[in-house]
Amino acid sequence: MLAADFTRLQDEIQMVNDSAADWLHLDVMDGRFVPNITFGMLLVEAAQRLSTKPLDVHLMIVEPERYIADFRGAGADVITVHYEACPHLHRVVQQIKETGAKAGVAINPHTPAGLLEDIIEMVDLVCVMSVNPGFGGQKFIYNTIPKIRRLRDLITVRNAETLIEVDGGVGLQNAEKILQAGADVLVAGSSVFKADDPRKAIDRLKDIGGEIERFA
Ligand code: ZN
């Protein structure tokens with residue numbers, strides 16, 4: 001939603017409601033974990049009232065454990081915290097699950113997939129950052145592709161049901177490569193909201209997914 005026109009938020013969320021998108025992804029930034037500040041619970045709560053899709057709330061904030069109950073209360077269905085922001089990640093993941101939300105863990109471009117080895121079974125979703133978090137509209141970092149493959153292998157070996165989400169610079173030009181590497185969920189911001197026909201852009205991304213054997 002970061003790439004949406006915030007003066008027309010209701011229309012933008014309605015577009016997502018009417019589209020083939022599965023979730024609405026919201027990027028919360030605090031100006032500390034990342035240089036940028038976006039929005040907090042108030043906007044998540046407003047989006048929850050407008051959206052018919054589950055809310056996927058990505059917390060790019062320090063000390064996320066302080067706000068998990070609030071974001072759940074605001075309507076988050078998936079709450080993703082950053083590996084790099086959680087010295088006690090196991091406890092934070094438990095805390096998210098206790099609220100009834102699905103628990104996600106995001107990893108920055110420099111963070112190896114293998115660091116999730118001892119927690120992967122507990123995690124509902126791993127969000128692989130394919131840009132440095134903080135701003136929308138950045139270019140996809142291509143060494144994310146082998147990282148997705150390593151993560152897919154880890155999930156298979158552990159017999160886990162964790163979803164792999166890829167966030168940053170995702171669009172029609174790289175969706176197939178990302179999905180083939182083993183991703184389940186694509187986060188598309190600019191490539192959807194800045195498209196001439198956002199709903200069609202979503203359809204085309206979904207079509208690419210439909211052509212991949214794993215999803216057939
Ligand atoms: Zn995000």
Side-chain angles (χ1 to χ4, degrees), residues 1-6 9 12-13 16 19 21-41 43-48 51 53-64 67-68 70-72 74-86 89 92-93 96 101-111 113 116 123-141 144 147-148 151 162-171 174-175 178-179 183-195 198 201-202 205:
M1 212 181 74
L2 198 56
D5 177 351
F6 278 59
L9 207 51
E12 299 276 57
I13 293 178
V16 176
S19 79
D22 297 294
W23 294 347
L24 183 62
H25 184 92
L26 295 103
D27 287 310
V28 176
M29 303 184 192
D30 65 352
R32 291 187 63 208
F33 180 67
V34 289
N36 198 10
I37 299 177
T38 54
F39 49 77
M41 294 73 141
L43 196 127
V44 173
E45 202 270 328
Q48 189 262 322
S51 177
K53 309 277 177 166
L55 299 189
D56 177 24
V57 176
H58 180 188
L59 299 180
M60 285 171 259
I61 66 176
V62 298
E63 300 175 4
Y67 302 102
I68 283 159
D70 291 335
F71 280 106
R72 177 62 177 160
D77 296 288
V78 182
I79 298 177
T80 296
V81 295
H82 263 265
Y83 174 89
E84 302 82 7
C86 297
L89 184 62
V92 180
V93 166
I96 296 171
K102 289 196 185 306
V105 175
I107 51 174
N108 278 339
H110 73 277
T111 303
L116 299 177
V123 175
D124 296 302
L125 171 144
V126 174
C127 174
V128 179
M129 290 303 302
S130 41
V131 298
N132 285 296
F135 299 93
Q138 297 185 74
K139 263 186 124 172
F140 185 82
I141 298 172
T144 308
K147 187 194 279 195
I148 298 167
L151 200 51
T162 317
L163 295 173
I164 301 176
E165 177 179 72
V166 178
D167 188 4
V170 175
N174 53 20
I178 297 168
L179 292 168
D184 304 290
V185 182
L186 301 180
V187 178
S190 309
S191 66
V192 164
F193 286 102
K194 308 279 193 242
I202 294 171
L205 285 168

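First listed ligand is number 1; within each ligand, the first listed atom is number 1. Just so we're clear, the structure is a prediction, and the values are computed from it rather than from any experiment.
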(message) Nearest N/O/S atom of D27 with respect to the Zn ion (ligand 1), by atom name, please.
(response) OD1
(request) Can you measure from CG (D56) to CG (D27) and round to the nearest 0.5 angstrom? (result) 8.5 Å
(request) Please check if the side chain of K194 supplies one atom and the backbone of A3 the other of a donor-acceptor pair under 3.5 Å. (result) yes
(message) So, of the N/O/S atoms that D167 has, which is the nearest one to the Zn ion (ligand 1)?
(response) OD2
(message) Quick check: of its N, O or S atoms, which one does H58 have closest to the Zn ion (ligand 1)?
(response) ND1
(request) Give a yes/no answer: is there an N/O/S atom of C127 under 2.8 Å from the Zn ion (ligand 1)? (result) no
(request) First locate atom CD1 of I79, then atom CD1 of I96, and finally report the distance between them rounded to the nearest 0.5 Å. (result) 6.0 Å
(message) Looking at D167 and M129, would you say the former's side chain and the latter's main chain have a donor-acceptor pair under 3.5 Å?
(response) no
